[in-house]
Amino acid sequence: MTRSRRPLGAVLSGAAAVVAAVPTLLFPADSPTEPKLALVGVGAVVFIIAIVRIRNEGAGSDVTAAPDDVSGTPQPPAPRR
């Protein structure tokens, strides 16, 4: 799958955070909880969509890891703890 130029998953994650923060920032503390729960629910759904989008974008799948040692000599495996 080709990577898109637009990081829609990251944008949706930010939008989900904003939607989830709106009840805390805009509504008074003693306001009814139903609108707060509705906005948090919408934020959760947007966040789930963002996660699915990020997984489908294949972020980092074409990145190859460079070896830590540039001398070309193989290193022994690290000891287990």
Visitor: Please answer: with hydrophobic residues joined when any side-chain heavy atoms are less than 4.5 Å apart, are Val45 and Val52 in the same cluster?
Guide: no

Visitor: Specify the closest pair of heavy atoms between Ala50 and Leu12, including all atoms of both residues, with the distance to one decimal.
Guide: CB-CB, 3.4 Å

Visitor: Does Phe27 reach the side chain of Leu39, with side-chain heavy atoms less than 4.5 Å apart?
Guide: yes

Visitor: Can you tell if the side chain of Ser13 reaches within under 4.5 Å of the side chain of Val46, non-hydrogen atoms only?
Guide: no

Visitor: Specify the closest pair of heavy atoms between Pro23 and Val40, including all atoms of both residues, with the distance to one decimal.
Guide: CG-CG2, 4.3 Å

Visitor: Taking a hydrophobic cluster as the set of Ile, Leu, Val, Met, Phe, Trp and Tyr residues connected by side-chain heavy atoms closer than 4.5 Å, whether directly or through intermediates, do Val11 and Phe47 fall within one such cluster?
Guide: no

Visitor: Transitively linked via ILVMFWY side-chain contacts under 4.5 Å: Leu37 with Leu26?
Guide: no

Visitor: Which atoms form the tightest heavy-atom contact between Lys36 and Ala29, and what is the distance?
Guide: NZ-O, 3.5 Å

